[in-house]
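By convention in this document, chain letters (A, B, ...) are assigned in the order of the sequence lines, proteins followed by strands, and residues within each chain are numbered from 1. As the structure is a prediction and not an experimental result, all values here were calculated from the model.
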Number of protein chains: 2
Amino acid sequence: MSSSLRPIAPPTSLMEVTVDRIRDAIIAGELPLGCKLSEQRLADMFGISRSPVRDALAALQMEGLVTISPKRGSFVFTPDLKAVDEICEHRCILEKAAVRKAIAINHAGLIKSLTAACKTMTEASQRGNALDYTKGDIDFHNSVIRSGGNHSIISSYKRTIGPLMALRTHLFTIMNETLERSMNEHLALLDACRRKKIEDAERLIDEHAAHLVDAYRTALAETSLFDGLSTGAA
Amino acid sequence: MSSSLRPIAPPTSLMEVTVDRIRDAIIAGELPLGCKLSEQRLADMFGISRSPVRDALAALQMEGLVTISPKRGSFVFTPDLKAVDEICEHRCILEKAAVRKAIAINHAGLIKSLTAACKTMTEASQRGNALDYTKGDIDFHNSVIRSGGNHSIISSYKRTIGPLMALRTHLFTIMNETLERSMNEHLALLDACRRKKIEDAERLIDEHAAHLVDAYRTALAETSLFDGLSTGAA
DNA sequence: GATCGCAAACTAACATGGTACATGGCAGAT
DNA sequence: ATCTGCCATGTACCATGTTAGTTTGCGATC
């Protein structure tokens, strides 16, 4: 109750927070796959003008989360099976290159960040919280990439896995089956990194990616059953 | 026949052509490295409003050609030595992965497109036309990536090499020295691909990338001598 | 009854005005 | 003389009006 008359003093631009809000809504499943994203509707939903919404949609297209058809509108990106395969293959290539470099030039930082991520995942696993586990999972893979130190790859990786974001939510439902195996795979990779076994680390990344493809394909198959166009729930 | 344009309907959006015009101006060197890109000035230059210019700048940021500082403006991206190293390393990783896959699953297509690119480069080399040679060079590397067939990698590659576009022009000046070596390297890679020598192909890509880094670093060193802020010539 | 054409509604794309913010220069104080 | 604070200027960012293109639904025609 001081002199701060401005409860919301956004240091970042309105467009930036709009990007975050739409991205969160997509990841949370409030804006389902293939959902039409009307500029006017989103503007009304957030109580702002169409301009920042338009800029935000362009930025999200850059991240691979939405697709924009000229003169037709924006839609939540829906990857098909082929796209999932290609994205996972691409992701696997980047991770293997990053882990190889990280072990060589940034071993301490790699182990530290990977250990922290594994700690988060272990705790979430014990509590049976798939959402927190997945956040730790994302942290783990981001740590691998970031430890590689190549900024070009870091930014590319972010855009690469973007199209899979909308599938993440549906991955939670089947995660329980594969959670234990996933946990063991991450721990094995951490161990290989700690012992600087590059060959083993790359092999483990390959195997992990293969399992990930299966999970995403299953999630995609489930979501395709809906096949409906929802307007998005509150 | 002129009326049946409906089914395909080429969307010649004003924003799209603005993107092309600005990109061409950057590649041509009319908009030098680090040049400030005023929305109003560009809009006046093209005789249009600021809206499509703003959208075009956002798209070019996606391609890595410009950087946008919030509330400050857009600038032609200027890579430093570290960025050049990282981009070339990234690019090398993608090319090696693509050539490995292309040899395995799309050998005929790979050889065909690479041969065509080499033909263009050879002719340009004999005429001493560095510009055409470079276009063939770009075609060659794009062919490697495209023959890999992974669409995620293809789009990522485009964005990856974007930041180096502004340096391309200055590369022409020193290309004559390294043109012959570059030509031989490409021919050697084509030969390795034709004989399905994956190991050799990857090694050649590594070596070629190393030489490319040197060329870009030299170009960057030359451009940094200018250090001036030009408003762009007609 | 099916198909083609037309029209109305919707929506993205473009243009323009207002506002907040960042930068550069200048005056005044120490 | 140097530094600091204020002011002028330019610019990006947001809001809103206008236009043009696409889609959809209905009706007429075959």
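Side-chain proximity of B/Lys36 to C/dA13, D/dA12, D/dT22: nearest is D/dA12. Here D/dG21 is the nucleotide among D/dT23, C/dC14, D/dG21 with the atom lying nearest to any side-chain atom of A/Lys71. Side chain of B/Glu39, nearest nucleotide from D/dT22, C/dA12, D/dC13: D/dC13. Of the candidates D/dA12, C/dC14, D/dC14, the closest approach to any side-chain atom of B/Met15 belongs to C/dC14.
Of the possible donor and acceptor atoms, none in the side chain of B/Thr120 sits under 3.5 Å from a partner among the backbone N and O of B/Gly136. Between the side chain of A/Ser147 and the backbone N or O of A/Val144 there is no donor-acceptor pair closer than 3.5 Å.
Evaluation of the salt bridge (charged side-chain N to carboxylate O under 4.0 Å, His left out) test over residues 49-58 of chain B, restricted to residues two or more places apart or in two chains, returns A/Arg54-B/Asp55, A/Asp55-B/Arg54, B/Glu39-B/Arg54.
Among the protein residues, B/Ser74 comes within range of no part of the nucleic acid, since none of its heavy atoms lies under 4.0 Å from any strand.
Nearest-nucleotide positions on DNA chain D place B/Gly73 closer to the 5' end than the other of A/Arg72 and B/Gly73. Residues A/Ile48 and B/Ser38 both approach DNA chain D. Their nearest nucleotides, taken by heavy-atom distance, put B/Ser38 toward the 5′ side.
Using a 4.5 Å heavy-atom threshold, the side chains of A/His90 and B/Leu94 count as touching.
The nearest whole Å value for the distance from the CD atom in A/Glu16 to the C1' atom in D/dC14 is 14 Å. The interatomic distance linking A/Phe75 (CZ) with C/dT11 (C1') rounds to 11 Å, in whole Å. Rounding to whole angstrom units, CD1 of residue A/Ile68 and P of D/dG21 are separated by 19 Å. One atom, CG of B/Asp44, and another, P of C/dT16, lie 11 Å apart when rounded to the nearest Å. In this entry the distance linking CG of B/Leu14 with P of C/dT16 reads 12 Å, nearest Å.
At C/dA12, none of the side-chain N or O atoms of A/Ser69 fall inside 4.0 Å of OP1 or OP2 (strictly under the cut-off).
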Protein-nucleotides 5-8 of chain D N/O pairs closer than 3.5 Å?
none

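With sequence neighbours left out, the ring pair (Phe, Tyr, Trp, His ring centres under 6.0 Å) criterion links A/Phe140 to A/His186. Take A/Arg91 and apply the salt bridge (charged side-chain N to carboxylate O under 4.0 Å, His left out) test, not counting sequence neighbours, and it matches A/Glu95.
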Enumerate, atom names and distances included, each donor-acceptor pair closer than 3.5 Å involving a side-chain atom of residues 58-72 of chain A, sequence neighbours excluded.
from: A/Glu63; atom 1: OE1; to: A/Arg23; atom 2: NE; distance (Å): 3.1
from: A/Glu63; atom 1: OE1; to: A/Arg23; atom 2: NH2; distance (Å): 3.4
from: A/Glu63; atom 1: OE2; to: A/Arg23; atom 2: NH2; distance (Å): 2.8

Step by step, work out the side-chain contact (heavy atoms from CB on, under 4.5 Å) result for B/Leu167 and B/Leu33.
CA-CA 8 Å; B/Leu167 283 175; B/Leu33 284 82; 3.8 Å; yes
Start with the C-alpha gap between B/Phe46 and B/Ile22, add the side-chain angles, then the distance that decides, and say whether side-chain contact (heavy atoms from CB on, under 4.5 Å) holds.
CA-CA 10 Å; B/Phe46 298 145; B/Ile22 297 177; 3.7 Å; yes
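A heavy-atom distance below 4.0 Å to DNA chain D is reached by these residues of residues 49-59 of chain B, ordered by number: B/Arg50, B/Arg54.
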